[in-house]
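Below is one structure, written out as structure tokens; the observations come after it.
Reminder, nothing fancy here: chain letters follow the sequence lines and each chain counts from 1. Just so it is clear, the model here is predicted, and its values are computed rather than measured.
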Amino acid sequence: MSIVITIFESKDKLMLRTHTCGELTIHDINIHVTLSGWVHRTRDHGTIVFIDLKDRYGITQLVIDYSDHPELKPTVDIIHSEYVIQGIGIVRKRLEGTENSNITTGFIEVELVKVNILNTSKTPPFPINQIGGEELIRLKYRYLDLRSNRMLKIMELRHHTIKFIRDWMNAQGFWEIETPMLMKSTPEGARDYLVPSRVHPGEFYALPQSPQQLKQLLMVAGIDRYFQIARCMRDEDLRADRQPEFTQLDVEMSFVEQEDVLQTIEDLMTALVPAVTPHKRIRSPFPRMTYHESVERYGSDKPDLRYGLELVNVGDLVKDSQFNVFTAALTKGGKVQTIRLPGCASYTRKQIDELQEVAKIGGAKGMAWMAIEANGTVRSPIAKFFTPEQLQALQSAADADPGDLLVFVADKPAVVAASLDKVRREMGKRLKLVDKDEIVFGWVVDFPMFEWNEESQSWDAMHHPFCMVNPEDVEKLLHNDLEGVRAASYDLVANGYELASGSIRIHDREIQQRIFDRLPYSPEEIQQRFGHMLDAFEYGAPPHGGIAPGVDRLIMILADTDNIRDVIAFPKTQKAEDVMMNAPSAIDDVLLNDVHLSINKSIKSSKE
RNA sequence: GGGCCUGUGGUGUAGCGGCCUAACAUGUCGCCCUGUCACGGCGAAGAUCGGGGGUUCGAAUCCCCUCAGGCCCGCCA
């Protein structure tokens, strides 16, 4: 994305800079300029010295010629990398043959008549523009890492993305409304970050896990179309794509059905991607599949749709085989699925063992395999348990050709899915099936309304308790057939990430009550936790629904990184620590007293 | 709470039972150099190998514990 930025009103006034370091070209020859920036690199040739001066906009070469300006030597001699300096001089065309076509300013240089040191710098603890290396040291000096070309580019992309979203949402009639950061704790869902109240001893605010309830109340208020670039906090363990605080594009719309919400977000993404990352390709329209179909075909509710490697259910084909592992799993209500790995029949025992370890991460106890040799014969430790007809049927079902490897997992459906999902993702990488310049979005719809919680032996709302039931399944709800009840909820997935999640909400008090009846809450609990919502719904709640795309994950995909820390200016480590500021940290007893807290003496700070 | 991986001068790596009195690159410091752009040349300083314990005649190297970071499972309406 190229944009014109006018920063300087007058080039004649005395100022710290007249141009940026990425601005001067062959058209500026012979003008007097003042540049300020950081010293990227110096090249000292004794009588002539080159300084690459950098800022956010680019790099410009400064030249100091001691034969013309010997008085500059004492200053230039003490200049080092990352010093902040100001160079005053004249733009010159570079000598024939010394141009640098790698940078836009490479055909000019600034011949200095004066140089000022605006600030010195210690030697950086790591090479700023060299990528890779120990991340911890970069996080500790995050402001230096951010100074790198790579990070500045990502921050720029993030800015453009959010700016585009704001403009686009505005053009579609959405209002951006801020909601409180100090909210009420609602015990279901993620663990809350808590803020003790000084005024109300023993009571706490919670930081929002999302503005979910508030955006619904805004619909009751008649805002009609709302969005917010909202910060959300969840006190749960981190992952490569999860931070304790993250940013959502929170959206809610009134008088809409599922289709309206999906189309809105699909339109946004379809406009956004080419605008901020022209080199990325997307597929339109976004494919849709049910949750059930997604898990059946990919083993996941957030499949990477850039490649196939689909799961094939072969339960029917193996149920009469002599292989006890398969038949026992089927008897116990489990399933047997396979993935065809093209061209992998030559895999060594070691490679297969590695893949088996990958499957085990998903919970599988083992992974069976069959290699279809080039001549068509089957090489497999389990081949002896199958008749030739069964072997043939398996190959046909999996569409296997000579040279392919089939891997099987048999277990409970959830274990088979999780295990083969891991195998599929691993092989997508190994077989280089992903094109990093392609983004394949997809909609996963018809999520189950309820989820059985083994721990509490009760049914939980899978999305949240205000999520609308699929109208076709209201009967099942009434008959307490909760497992089959589908929700009017949907996820946007992209390249294997869950990018957004949303639903149509219940605006009917009656249905809402029926949902609560099925959840393990007493009427008192419901009133205490959700009373404000239920009250509001009695004052003319319009039909409404919404969605919340994760901004950080979106930018991860746009920026070609697989780590969420890369797209957040000041992220936290996996233990949710800010190693730059050293947060969290112990606090003074006086402050604790103010909020009526005392620390359990048996607890030691992790930093002592 | 659990599993796996990583930890060697400032930084990035090599070394993986004795050739290690720990190597290389880069950075840093000093001297030289008029056209470089990862400038070049000469020279110097800099790590007891995350920490502790053990095995061994001998440990950066093997074992145990521990700390830190990362990835994953659980968790994340």
Whole angstrom is fine here: how far is it from CG in A/Asp237 over to P in B/rG3? 15 Å
Do we see a donor-acceptor contact under 3.5 Å between the side chains of A/Glu524 and A/Gln528? no
To the side chain of A/Leu136, which of B/rG12, B/rG69, B/rC72 is closest? B/rG69
For atom P, what is the distance between B/rA25 and B/rU6, given to the nearest Å? 26 Å
Are any of A/Thr98's side-chain N or O atoms less than 4.0 Å away from OP1 or OP2 of B/rG35? no
Mind checking the C1' distance from B/rC62 to B/rC57? Whole angstroms is fine. 16 Å
Out of B/rG12, B/rC76, B/rG1, which nucleotide sits closest to the side chain of A/Arg234? B/rC76
Flag for A/Thr179-A/Gln228: side-chain donor and acceptor within less than 3.5 Å: yes
Return the value, rounded to whole Å, for the distance between atom CG of A/Asn129 and atom P of B/rA38. 13 Å
Quick one: is A/His45 getting a side-chain N or O under 4.0 Å of the B/rC32 phosphate, OP1 or OP2? no
If you check every side-chain atom of A/Ser67, which of B/rU36, B/rU34, B/rU11 has the closest atom? B/rU34
Can you tell me the distance, in whole Å, between the CG atom of A/Asn149 and the P atom of B/rA38? 14 Å
Any chance the rings of A/His19 and A/Tyr57 have centres within less than 6.0 Å? no
Expected list for residues 100-115 of chain A near RNA chain B, using heavy atoms below 4.0 Å, is A/Asn100, A/Glu109
Does B/rC71 have OP1 or OP2 under 4.0 Å away from a side-chain N or O of A/Gln574? yes
What distance, rounded to whole Å, do you find between the two P atoms, one in B/rA60 and one in B/rC19? 10 Å
With both distances under 3.5 angstrom, what nucleotide forms a Watson-Crick or G-U wobble pair with B/rC4? B/rG70
Could you tell me whether the side chain of A/Gln130 has a donor or acceptor atom within less than 3.5 Å of a complementary atom in the base of B/rU11? no
Kindly state whether the pair A/Phe126 / B/rU11 counts as stacked, where counting means centroids closer than 5.5 Å and planes tilted less than 30° apart. no
Return whichever of A/Asp52 or A/Glu134 has its heavy-atom-nearest nucleotide of RNA chain B closer to the 5' end. A/Glu134
State, without any angle test, whether A/Gln209 and A/Asp192 hold a side-chain donor-acceptor pair at a distance under 3.5 Å. yes
Contact nearer the 5' end of RNA chain B, comparing A/Pro125 with A/Thr47: A/Pro125
Determine the contact category for A/Gln213: base if any of its heavy atoms lies under 4.0 Å from a base atom, sugar-phosphate if only primed atoms, P, OP1 or OP2 are that close, otherwise nothing. nothing
Checking side-chain polar atoms at under 3.5 Å, does A/Asp491 have a donor or acceptor matched by the opposite partner on A/Tyr291? no
Okay, side chain of A/Arg191, backbone of A/Glu236: is any donor-acceptor separation there less than 3.5 Å? no
Pairwise P distance, B/rU8 and B/rG70 [rounded to whole Å]: 16 Å
Determine the interatomic distance between P on B/rG2 and the same-named atom on B/rC39; round to the nearest Å. 49 Å
If I pick the C1' atom on B/rA68 and the same atom on B/rA22, what distance separates them, to the nearest angstrom? 24 Å
Which nucleotide in the set B/rC75, B/rG27, B/rC72 lies at the smallest distance from any side-chain heavy atom of A/Glu236? B/rC75
Rounded distance in Å between the C1' positions of B/rC33 and B/rG43: 15 Å
Taking pairing as Watson-Crick or G-U wobble with both contacts under 3.5 Å, can you name the mate of B/rG40, or confirm there isn't one? B/rC32
For residues A/Gln61 and A/Arg43, is any side-chain donor paired with an opposing acceptor at under 3.5 Å? yes
Within the 4.0 Å heavy-atom criterion, would you say A/Asn563 contacts the bases, only the backbone, or no part of the nucleic acid? sugar-phosphate
Please enumerate all residues that pass salt bridge (charged side-chain N to carboxylate O under 4.0 Å, His left out) together with A/Lys93, with sequence neighbours excluded. none
From the set B/rA68, B/rU34, B/rU36, return the single nucleotide nearest to any side-chain atom of A/Arg43. B/rU36
B/rC39 phosphate, OP1 or OP2, under 4.0 Å from A/Arg41 side-chain N/O: yes
Can you figure out which of B/rG69, B/rC73, B/rC71 approaches the side chain of A/Ile361 most closely? B/rC73
Nearest to side-chain heavy atoms of A/Ala190, which nucleotide of B/rC29, B/rG69, B/rC76: B/rC76
Whole-Å C1' distance, B/rC64 and B/rG46: 33 Å
Looking only at side-chain N and O atoms, does A/Arg94 come under 4.0 Å of OP1 or OP2 in B/rC37? no
Check: A/Ile117 and A/Val84 side chains under 4.5 Å, non-hydrogen atoms: no
Nearest-neighbour nucleotide for the A/Arg239 side chain, B/rG70, B/rG27, B/rC75 considered: B/rC75
Atom-to-atom span, NZ of A/Lys360 to C1' of B/rC71 - whole angstrom: 19 Å
Give one of base, sugar-phosphate or nothing for A/Arg425, where a contact means two heavy atoms less than 4.0 Å apart. nothing
Among B/rC75, B/rU28, B/rG69, the one nearest any side-chain atom of A/Lys575 is B/rG69
Mind checking A/Ser501 for me? I need base, sugar-phosphate or nothing, with any heavy atom below 4.0 Å counting as a touch. nothing
If I take atom CG in residue A/Asp65 and atom C1' in nucleotide B/rU36, what distance separates them, rounded to the nearest angstrom? 13 Å
Would one find a side-chain N or O of A/Lys422 under 4.0 angstrom from OP1 or OP2 of B/rC72? no
Using Watson-Crick or G-U wobble geometry with both distances below 3.5 Å, tell me the partner of B/rU13, or none. B/rA23
Side chain of A/Asp44, base of B/rC39: donor and acceptor closer than 3.5 Å? no
Would you say that more than 12 heavy atoms from the other residues, nucleotides or ligands in this model lie under 6.0 Å from the OH of A/Tyr66, or not? yes
Please state how far atom CG in A/Asp241 lies from atom C1' in B/rC71, giving the value in whole angstrom units. 12 Å
Roughly, in whole Å, what's the span from CD in A/Glu354 to P in B/rG3? 21 Å
Any A/Arg242 side-chain nitrogen or oxygen under 4.0 Å from OP1 or OP2 of B/rC73: no
Whole Å only: how far is the CD1 atom of A/Ile64 from the P atom of B/rC33? 17 Å
Are the aromatic ring centres of A/Phe570 and A/Tyr143 under 6.0 angstrom apart? no
